[in-house]
Amino acid sequence: MNLSGKTIGFAITGSFCTFAKIKGELMHLMEEDVNVIPIFSFNAYSLDTRFGKADEFVNAIESITKNKAIHTIAEAEKFGPKKILDILLIAPCTGNTMGKLVNGITDTPVLMAAKGHLRNQLPVVISLSTNDALGMNFKNIGSLMNIKNLYFVPFGQDDCKLKPNSLIAHTDLIVPALESALDGKQIQPIVRSPF
């Protein structure tokens with residue numbers, strides 16, 4: 001399905017090392033003539049890290065999307081009853097967020113938006129980025145793959161020698177993954193070659 005005219009929630013969690021890559025993919029997504037609403041976890045919205053200042057990143061995302069960031073649970077709660085989005089993308093999606101999502105925990109704006117969106121039986125796409133995907137989070141990924149209306153951006157190992165449990169999404173496949181999810185299909189193959 002073509003993305004043109006769709007409203008997409010772009011939910012950002014705290015995998016700070018992928019922020020530059022995500023920002024680039026967001027710019028590509030904006031070329032698809034979509035309305036993108038940015039949603040931030042508390043950490044992604046407020047923490048300065050060695051990868052950059054939080055306020056600069058938030059301002060850049062708001063500038064690209066031309067929409068104000070959602071960054072509180074109260075703001076995110078509206079995505080359920082108001083059915084604002086056609087699709088929700090969590091990019092990057094940390095292992096912490098995946099663990100909470102699979103267990104029904106809604107203690108961040110991103111998780112609240114996902115809960116409300118899934119309640120409406122609409123697609124959520126995960127662009128994972130976690131150092132423990134093949135360790136403690138492996139069972140969570142497997143469980144999420146069995147949840148109706150939940151899809152993944154294809155992923156692979158980013159450094160199998162130094163970080164053997166780490167997986168990261170092929171973010172260049174975000175647009176086709178979203179299109180496929182809107183058709184009710186998981187883009188294949190899910191597991192792709194290493195980076």
Side-chain angles (χ1 to χ4, degrees), residues 1-15 19 22-23 25-46 54-55 57-94 96-128 143-153 169 171 174-187:
M1 177 178 290
N2 191 292
L3 296 180
S4 180
K6 299 294 183 195
T7 298
I8 300 170
F10 198 104
I12 301 169
T13 69
S15 179
F19 279 13
I22 289 301
K23 189 167 117 182
E25 291 308 317
L26 176 57
M27 288 194 270
H28 290 137
L29 182 58
M30 293 303 295
E31 295 168 7
E32 300 291 319
D33 187 32
V34 294
N35 178 32
V36 175
I37 300 174
I39 305 159
F40 285 82
S41 71
F42 295 128
N43 289 341
Y45 187 79
S46 64
D55 62 341
F57 181 67
V58 171
N59 290 339
I61 298 300
E62 289 179 333
S63 177
I64 293 166
T65 64
K66 298 180 178 40
N67 279 315
K68 194 87 175 127
I70 303 297
H71 62 94
T72 69
I73 290 175
E75 291 172 312
E77 189 274 336
K78 68 184 177 186
F79 289 111
K82 294 191 176 179
K83 297 185 181 179
I84 296 166
L85 307 174
D86 294 297
I87 192 165
L88 175 67
L89 169 70
I90 306 176
C93 185
T94 62
N96 185 51
T97 298
M98 285 188 289
K100 289 179 176 183
L101 182 60
V102 78
N103 285 291
I105 299 169
T106 55
D107 62 353
T108 73
V110 168
L111 291 162
M112 179 58 76
K115 172 193 167 189
H117 194 68
L118 285 169
R119 180 181 85 178
N120 294 327
Q121 299 183 36
L122 294 169
V124 172
V125 177
I126 291 176
S127 179
L128 65 80
S143 295
L144 289 169
M145 285 191 174
N146 285 299
I147 294 176
K148 186 179 178 184
N149 297 315
L150 209 145
Y151 305 90
F152 281 82
V153 175
T171 55
I174 284 175
V175 169
L178 290 170
E179 291 171 337
S180 188
L182 281 166
D183 285 331
K185 296 176 183 170
Q186 171 61 56
I187 188 173

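When a residue number appears, it is its place in the shown sequence, counting from 1. In this text the structure is predicted, and so the values were computed from the model without any measurement.
Contacts classified as side chain to side chain donor-acceptor pair (under 3.5 Å) and involving residues 100-119 (residues at least two apart or in different chains) are given here: Lys100-Asp107.
Between Glu32 atom CD and Lys6 atom NZ the span is 13.0 Å, to the nearest 0.5 Å. Atom CE of Met1 sits about 5.0 Å away from atom CG of Asp183, to the nearest 0.5 Å.
When side chains are defined from C-beta on, Ile147 does not count as touching Leu101, because their heavy atoms never get closer than 4.5 Å. Under the 4.5 Å side-chain criterion, counting only non-hydrogen atoms from C-beta, Ser41 is not in contact with Ile12. Within the 4.5 Å cutoff, no side-chain heavy atoms of Thr65 are placed close to those of Phe10. Annotation: side chain of Asn43 is not in contact with side chain of Asn96 (no heavy-atom distance under 4.5 Å).
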Audit row: Tyr151, Ile187, side-chain contact (heavy atoms from CB on, under 4.5 Å) steps and yes/no: CA-CA 8 Å; Tyr151 305 90; Ile187 188 173; over 6 Å; no

Derivation and outcome, side-chain contact (heavy atoms from CB on, under 4.5 Å), residues Leu3 and Leu182: CA-CA 9 Å; Leu3 296 180; Leu182 281 166; 3.4 Å; yes

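The one candidate from Ile174, Val175, Leu128, Thr171 that meets the side chain to side chain contact (heavy atoms under 4.5 Å, CB included) condition with Val153 is Ile174.
Within the 3.5 Å criterion, the main-chain N or O of Thr94 finds a donor-acceptor partner in the side chain of Thr13. Ser180 places no side-chain N or O within donor-acceptor distance of the main-chain N or O of Pro176, the cut-off being under 3.5 Å.
Scanning all heavy atoms of the two residues, the minimum distance from Pro38 to Val36 falls at CD-O, 3.6 Å. Looking at every heavy atom in both residues, Ala113 comes nearest to Ile39 through CB-CD1, 4.0 Å. Contact between Asn149 and Leu122 at its shortest, heavy atoms only, is CB-O, 3.6 Å. The nearest pair of heavy atoms linking Ser4 to Val34 is N-CG1, 4.4 Å.
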Taking distance alone, no hydrogens or angles, what donor-acceptor pairs closer than 3.5 Å link side-chain atoms of residues 84-91 to residues at least two apart or in another chain?
residue: Asp86; atom: OD2; partner: Thr7; partner atom: N; Å: 2.7

Enumerate, atom names and distances included, each donor-acceptor pair closer than 3.5 Å involving a side-chain atom of residues 74-83, sequence neighbours excluded.
residue: Glu75; atom: OE1; partner: His71; partner atom: N; Å: 2.9
residue: Glu75; atom: OE1; partner: Thr72; partner atom: N; Å: 3.1
residue: Glu75; atom: OE1; partner: Thr72; partner atom: OG1; Å: 3.2

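Between Phe40 and Phe57, the ring-plane angle classifies as perpendicular under the 30° and 60° cut-offs.
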